[in-house]
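A short write-up of the structure that comes next.
Whatever order the structure lists ligands and atoms in, that order sets their numbers, starting from 1.
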Amino acid sequence: MRVLLTGATGFIGAHTLRKLLEEGQTVAILLRPTSDPWRIQDLLDRVTVLYGDLTHPQALASQLKPFQPEAIVHLAWQGVVNTQRNDVSQIFENIPTSLELIRLSAEAGCKHWIGLGSQAEYGPANRILSEDMPTSPTTLYGSSKLALRYLAEGLCNFYGMRFVWLRLFSAYGPMDSPHWLIPYLILTLLKGEHPKLTKGEQLWDYIFVSDVAEAICTVLREQQARGVFNLGSGEARPLRTIIETIRDNIDPSLNLGFGEVPYRPDQVMHLQADIGRLKAIGWEPKTPLEQGLKQTVEWYRANRNRYDS
Ligand SMILES: NC(=O)c1ccc[n+]([C@@H]2O[C@H](COP(=O)([O-])OP(=O)(O)OC[C@H]3O[C@@H](n4cnc5c(N)ncnc54)[C@H](OP(=O)(O)O)[C@@H]3O)[C@@H](O)[C@H]2O)c1
């Protein structure tokens, strides 16, 4: 299949690109003038590169048509990290740019659209979450994802495109942004520094990033897949256990600062995906948490210089 993958230079995108190419798909990606393609440098000669920014869609249109995408996997998003989740200046821009991409893709003959949503669409429910549960986001990030989920579905229906929306829970693995808890913790401990942490009583659903990429490839392949799917490991562990496992992979004697940071006022204490819908189409997570954490620590140990600045 001919697939346009947006966000290929990002954390999830880089792993997804690798998997799509392993599966023999023909892939085009976007590069902006400001993109740093370090995660996919070794793959660039195997893809078609479209140059441009989603905020200037007309410049992309003339490159999109000749590629003739059959499917769009849309991962690009401004303001993914926690510190930008309520950034009014950029978060809502994702909605018109994503809708315009659907319109341009439909005009280029595209038939399948896969978008990345988030558990943030549900808000702090503190229970196992299935796709039919009420959504009540408390961040602009969650609201904008939820708004796009409905608008994109309407537009895909209008153009006769298959619509899939994957509500991703927390992904972890090699090459992540250092702002997230797991890379922050690993990099801090590798430097021998003391991490400041909450009490760590939260129950959290972490999924290894190659399982995320595999799920994206599965919904692309399995054309009966339509609508909203939760994408998580389906298991929740106490954050404290996850943190101690990471510490033990680095140096069991290191001191952890549990309780040195208070919980946030809207702290979610239980986040867990019901993944029955994705399992029903043949996907399931393959990487046990202990194995994924070990692999992740090893990658950061070997590549820590990349994060020095
Ligand atoms: N990471 C998680 O655990 C998680 C959880 C739930 C949902 N998600 C969703 O999964 C998707 C990927 O997340 P991620 O963690 O991989 O994010 P990321 O590392 O921040 O990557 C974001 C990607 O979007 C691209 N992008 C942003 N604005 C763009 C624009 N205007 N035009 C073209 N490209 C643009 C970036 O390109 P540049 O390299 O040029 O900046 C980058 O490739 C996002 O939709 C995110 O909301 C992620």
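Within the 4.0 Å heavy-atom shell around ligand 1 one finds Asp53. Residue contacts with ligand 1: Pro37 is excluded, as none of its non-hydrogen atoms falls under 4.0 Å. Heavy atoms of Leu75 come nearer than 4.0 angstrom to ligand 1 in at least one pair. Residue contacts with ligand 1: Tyr172 is excluded, as none of its non-hydrogen atoms falls under 4.0 Å.
Side-chain contact check for Asn94 and Tyr141: no donor-acceptor pair (N or O, by modelled atom type) lies under 3.5 Å. Between the side chains of His15 and Ser210, no donor N or O sits under 3.5 Å from an acceptor N or O.
Residue contacts with ligand 1 for Glu93 are absent, since no atom lies close enough (heavy atoms, distance under 4.0 Å).
Other residues, nucleotides and ligands place no more than 12 heavy atoms under 6.0 Å from the NE2 atom of His56.
In this comparison of Tyr141, Trp77, Tyr206, the heavy atom closest to atom 9 (C) of ligand 1 sits on Tyr141.
Against a heavy-atom cut-off of under 4.0 Å, Ala171 is close to the following atoms of ligand 1: 3 (O). Listed by number with element, the atoms of ligand 1 under 4.0 Å from a non-hydrogen atom of Ala76 are 24 (O), 25 (C), 26 (N), 34 (N), 35 (C). Listed by atom number, the atoms of ligand 1 under 4.0 Å from Phe169 heavy atoms are 3 (O), 5 (C), 6 (C). Interface of Gly10 with ligand 1, defined as ligand atoms under 4.0 Å from a residue heavy atom, comprises 16 (O), 19 (O), 21 (O), 42 (C), 43 (O).
The pair Arg167-Glu121 meets the salt-bridge criterion, with a side-chain N (NZ, NE, NH1 or NH2) lying under 4.0 Å from an Asp/Glu carboxylate O. Checked for salt-bridge contact, Glu298 and Lys294 miss the test: no charged N lies under 4.0 Å from a carboxylate O. By the 4.0 Å N-to-carboxylate-O rule, Asp53 lies close enough to Arg32 to be salt-bridged with it. Glu244 has a carboxylate O that lies under 4.0 Å from a charged side-chain N of Arg240, or vice versa, which qualifies the two as a salt bridge. Taking the charged nitrogens against the carboxylate oxygens, Arg127 and Asp274 have no contact shorter than 4.0 Å, which rules out a salt bridge.
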>> salt bridge (charged side-chain N to carboxylate O under 4.0 Å, His left out) for Arg226 and Glu153? Distances and angles first, verdict last.
In response: CA-CA 10 Å; Arg226 284 170 187 268; Glu153 183 172 29; over 6 Å; no
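Not one N or O of Ser170 is nearer than 3.5 Å to an N or O of ligand 1, by distance alone. Remark: ligand 1 and Ile12 share an N or O pair separated by less than 3.5 Å (distance only, no angle test). Any N or O atom pair closer than 3.5 Å counts here, and Ser118 shares no such pair with ligand 1. Distances between N or O atoms of Trp180 and those of ligand 1 include no value under 3.5 Å. For Asp36, no nitrogen or oxygen atom sits less than 3.5 Å from a nitrogen or oxygen atom of ligand 1, counting backbone and side chain alike. Not one N or O of Arg39 is nearer than 3.5 Å to an N or O of ligand 1, by distance alone. Close N/O approach between Thr34 and ligand 1 is not found [any backbone or side-chain N/O within under 3.5 Å].
Between Phe169 and Tyr206, the distance separating the two ring centers is not shorter than 6.0 angstrom.
Using bins of under 30°, 30° to 60° and over 60° for the plane-to-plane angle, the ring pair Tyr307/Tyr300 lands in the tilted bin.
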